[in-house]
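Notes follow once the structure below has been shown.
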Amino acid sequence: MEAVPEWDVYTDLRRIKMSIEIKVPEMGESITEATIANWVKKEGERVEQDEVLVELETDKVTMEVPAPSAGVLQKINKKPGETVKIKEVIGIIDPSASAKSTPTSSTPSSTNTAPTNTTSATQNDTLPPAVRKLIDDNGLNPASISGSGKNGQITKEDVLNAIANKQSAQPAAAVSAAPVAAKSAPSPEIPKAVPAASRSNLPRENVVPMTKLRQTIANRLVAAQHNAALLTTFNEVDMSAVMDLRAKYKDKFKDAHNINLGFMSFFTKAVIGALKFVPAINAEIRGTDLVYKNYFDIGVAVGGPKGLVVPIVRDADLLSFAQVESEIARLANKVKDGKIDLSDMEGGTFTISNGGIYGSMMSTPILNPPQSGILGLHNIVKRAVVVNDQIVIRPMMYVALSYDHRVVDGKEAVTFLVKVKEAIEDPTRLLLEV
C-alpha cells in the first residue's frame, strides 16, 4: 500500500479547519424552527460574502440567509422542504476552494451557444418553491415564460397563463395528428367518450405541502374561533365626502408629501377616534385580566405572494395623514417583495382588513388574537339611498366589525361603527377630533 503524501494530508486538514459552517440564524424569541424554501446556490458554485445562499421560511416570515464568507458552497446538508432548528448547520463553505468548471466542447457549435440567456437561468434558480413545482409538474421551460414580477421574476400567475396557452394549442395538434382510420365504423353501443381536448393534461390532483406561514394562518384562524366569542355587526358608509375631498386635494397632497392620498389614512384616523371613544375594543384578555391599551398600533392586512400578513403601523395616533400613507406603502411593498420582518408584524392593538380591493361586497372578518376587534372594509358601489326624503345615488360601502364578545358588549360595538361612519361621512370631525 502506498503511503499518502504528507502534503495531501496537510492540505485536507487545512481545508477542514478553514471550512465555514452555514447556520440557521436567530429569528425571534418565538421562532425555534424553519423550513428550507429554496437554495439560491448549488453545490460547487462560487459565492461572495453576503450573497444570498438560501431562503428560509418560518410560520411568520421568509428570511434570506447570506453567505458568511466568500468561497465555494462545498456541501448542502438540508434539502428544500426539510425542517431545521435555530443554529443548525445547513451547509459548508470552503473559502480556499475554486468553483467547479463546466467542460466545454471543442466543436464550433459550442462557441455559437456561448452567449446564452443567463437571466432565465438565474430566475429558475431563485423561483419560489410553489412556482418551481408548478413549472416542473407541467413540463414547462422557465426560460420561455415572461416574468411579470419584480426584476422579471416569474410569478404563479405567469405559470398559469403559460399552462393555459399550452393547453389551447393542444386541440389543434391533436386533431391534425389523429389517424384517418379513426373515422371508420364507430361502435354504436359504446357511449361517446368525452373528447380529450376538453380536459387539460394536468393531473387530477396536485398535492402541495402547506408552507409554515399557511399552517400558522390556519391554526390562528381556528384558534380565534375556538377561544373567542366572535360576533360581527354591520353598518354602511356614504363615501361621498371623502371621495370629494380626495379628488380635490390628491394632486396637491402628492406634490407636498410625495405619496398618494388613499382611503386607508381616513379609515385609520376614524378608527383611532372610535377606539378612544370605546376603549374596550382596544383592549385584550391577558389571563384573568383585561388590559386596556393607551397606544394605537393599527394592523393593516396585506395580501402577499405567500399569504395574508398583517404588518403594524406603530403609534398611528401620533402620525399625520401623509405619515400613515407612507408607512402603509412601505410595509405593503415589503410584503409584496417578500422582505417583511417579524418585527414589522409583532404586536398590534386593532386590525383593518380591506377586502374591497378584491371586490368583496360584505364579509365577516376573523379576529387577529389577542386583539378584540377587526374592521372589514368592502367595495364602494353606487346605490340608491334616501337623503332628506329624496332618493339619490351615492357611493356606499358596507363596513363590518368583528369583535370578542367576552370583552366588548353589543352596544359598544355598534357605537364604534357609528363613530367610524360619522368620521368618514364628515371628515372635518377627524381634524377637530369630535
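Just so we're clear, the structure is a prediction, and the values are computed from it rather than from any experiment. Just so you know, these numbers use all the heavy atoms, side chains as well, and skip hydrogens, waters and symmetry mates.
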Shortest non-hydrogen contact from [X] toward [Y]:
{"X": "Glu51", "Y": "Arg46", "answer": "OE1-O, 4.4 Å"}
{"X": "Ile380", "Y": "Pro395", "answer": "CG2-CB, 3.6 Å"}
{"X": "Pro311", "Y": "Ile340", "answer": "CB-CD1, 4.1 Å"}
{"X": "Ala316", "Y": "Lys269", "answer": "O-NZ, 3.6 Å"}
{"X": "Ala37", "Y": "Pro80", "answer": "O-CB, 3.9 Å"}
{"X": "Ile86", "Y": "Pro25", "answer": "CD1-O, 3.5 Å"}

Side-chain contact test, heavy atoms from C-beta onward, threshold under 4.5 Å: evaluate it for [X] versus [Y] and give yes or no.
{"X": "Ile93", "Y": "Pro68", "answer": "yes"}
{"X": "Lys42", "Y": "Glu45", "answer": "yes"}
{"X": "Val52", "Y": "Val65", "answer": "no"}
{"X": "Met361", "Y": "Val381", "answer": "no"}
{"X": "Val300", "Y": "Val310", "answer": "no"}
{"X": "Val40", "Y": "Leu53", "answer": "no"}
{"X": "Leu319", "Y": "Val313", "answer": "yes"}
{"X": "Val47", "Y": "Val72", "answer": "no"}

Looking at [X], I'd like to know if its [atom1] atom is crowded, meaning that more than 12 non-hydrogen atoms belonging to other residues, nucleotides or ligands lie closer than 6.0 Å.
{"X": "Asn258", "atom1": "CG", "answer": "no"}
{"X": "Lys421", "atom1": "NZ", "answer": "yes"}
{"X": "Ile391", "atom1": "CD1", "answer": "no"}

Donor-acceptor pairs under 3.5 Å, side chain of residues 221-233 to any protein atom, not counting sequence neighbours: which ones?
{"from": "Asn227", "atom 1": "ND2", "to": "Ala223", "atom 2": "O", "distance (Å)": "3.2"}
{"from": "Thr232", "atom 1": "OG1", "to": "Ser402", "atom 2": "OG", "distance (Å)": "2.7"}

Out of curiosity, [X] [atom1] to [Y] [atom2], how far, rounded to the nearest 0.5 Å?
{"X": "Lys382", "Y": "Arg394", "atom1": "NZ", "atom2": "CZ", "answer": "12.0 Å"}
{"X": "Glu425", "Y": "Met239", "atom1": "CD", "atom2": "CE", "answer": "9.5 Å"}
{"X": "Ser372", "Y": "His405", "atom1": "OG", "atom2": "NE2", "answer": "12.5 Å"}
{"X": "Leu417", "Y": "Glu412", "atom1": "CG", "atom2": "CD", "answer": "12.5 Å"}

Partners meeting salt bridge (Lys or Arg N to Asp or Glu O under 4.0 Å) with Lys334 (sequence neighbours left out): Asp341, Asp344
Taking salt bridge (Lys or Arg N to Asp or Glu O under 4.0 Å) as the definition, give me every residue that meets it alongside Lys254, ordered by chain and number, with sequence neighbours left out. none
The criterion is side chain to side chain donor-acceptor pair (under 3.5 Å); which residues satisfy it with [X], sequence neighbours excluded?
{"X": "Asp426", "value": "Thr428"}
{"X": "Gln215", "value": "none"}
{"X": "Ser240", "value": "Asp238"}
{"X": "Arg383", "value": "Glu236"}

Please tabulate, for side-chain N and O atoms in residues 274-295, each donor-acceptor pair with protein atoms closer than 3.5 Å (sequence neighbours left out).
{"from": "Asn282", "atom 1": "OD1", "to": "Thr349", "atom 2": "OG1", "distance (Å)": "2.8"}
{"from": "Asn282", "atom 1": "ND2", "to": "Lys293", "atom 2": "O", "distance (Å)": "3.0"}
{"from": "Asn282", "atom 1": "ND2", "to": "Tyr295", "atom 2": "O", "distance (Å)": "3.0"}
{"from": "Glu284", "atom 1": "OE1", "to": "Lys293", "atom 2": "NZ", "distance (Å)": "2.3"}

Determine which pairs satisfy ring pair (Phe, Tyr, Trp, His ring centres under 6.0 Å) with at least one residue from residues 312-334, sequence neighbours left out, and list them in order. Phe266-Phe321
Would Ser265 and Glu325 count as a side-chain hydrogen bond (donor to acceptor under 3.5 Å, both in side chains) here? Give the steps. CA-CA 6 Å; Ser265 54; Glu325 292 287 358; 2.7 Å; yes
For a side chain to side chain contact (heavy atoms under 4.5 Å, CB included) with Ile22, tell me which candidate from Leu73, Val89, Ile76 qualifies. Leu73
Given Ile357, Ile352, Val237, the one that forms side chain to side chain contact (heavy atoms under 4.5 Å, CB included) with Leu377: Ile352
Go through the steps for Arg429 and Glu422 under the test salt bridge (Lys or Arg N to Asp or Glu O under 4.0 Å), then give the verdict. CA-CA 8 Å; Arg429 288 175 174 268; Glu422 291 175 348; 3.8 Å; yes
Please assess Asp337 against Lys339 for the test salt bridge (Lys or Arg N to Asp or Glu O under 4.0 Å), listing each intermediate value before the final yes or no. CA-CA 5 Å; Asp337 295 340; Lys339 305 293 186 182; over 6 Å; no
What about Phe350 and Phe416, are their ring centers closer than 6.0 Å? yes
Does Glu327 form a salt bridge (Lys or Arg N to Asp or Glu O under 4.0 Å) with Arg330? I'd like the steps, not just the answer. CA-CA 5 Å; Glu327 183 64 3; Arg330 183 186 71 84; 2.7 Å; yes
Scan side-chain atoms only and decide if Gln371 and Thr351 contain a donor-acceptor pair under the 3.5 Å cut-off. yes
For residues Glu33 and Thr83, is any side-chain donor paired with an opposing acceptor at under 3.5 Å? no
Got a sec, which pairs hit side-chain hydrogen bond (donor to acceptor under 3.5 Å, both in side chains) with one end in residues 354-364, sequence neighbours left out? Ser363-His378
Residues passing the ring pair (Phe, Tyr, Trp, His ring centres under 6.0 Å) test with Phe267, sequence neighbours excluded, are none
For Phe253, give me all partners under ring pair (Phe, Tyr, Trp, His ring centres under 6.0 Å), at least two apart in sequence or on another chain. His257
side-chain contact (heavy atoms from CB on, under 4.5 Å) for Thr35 and Val84? Distances and angles first, verdict last. CA-CA 6 Å; Thr35 300; Val84 294; over 6 Å; no
Could you walk me through whether Val54 and Asn38 pass side-chain contact (heavy atoms from CB on, under 4.5 Å), step by step? CA-CA 6 Å; Val54 60; Asn38 176 47; over 6 Å; no
Lys/Arg-Asp/Glu bridge criterion (N-O < 4.0 Å) met for Lys411, Asp409: no
Phe263 and Met243: CA distance, side-chain angles, deciding distance, side-chain contact (heavy atoms from CB on, under 4.5 Å) verdict: CA-CA 8 Å; Phe263 294 125; Met243 293 178 71; 3.9 Å; yes
In sequence, state the C-alpha distance, the side-chain angles, and the governing distance for Ile90 and Trp39, and then conclude on side-chain contact (heavy atoms from CB on, under 4.5 Å). CA-CA 11 Å; Ile90 58 176; Trp39 279 95; 4.2 Å; yes
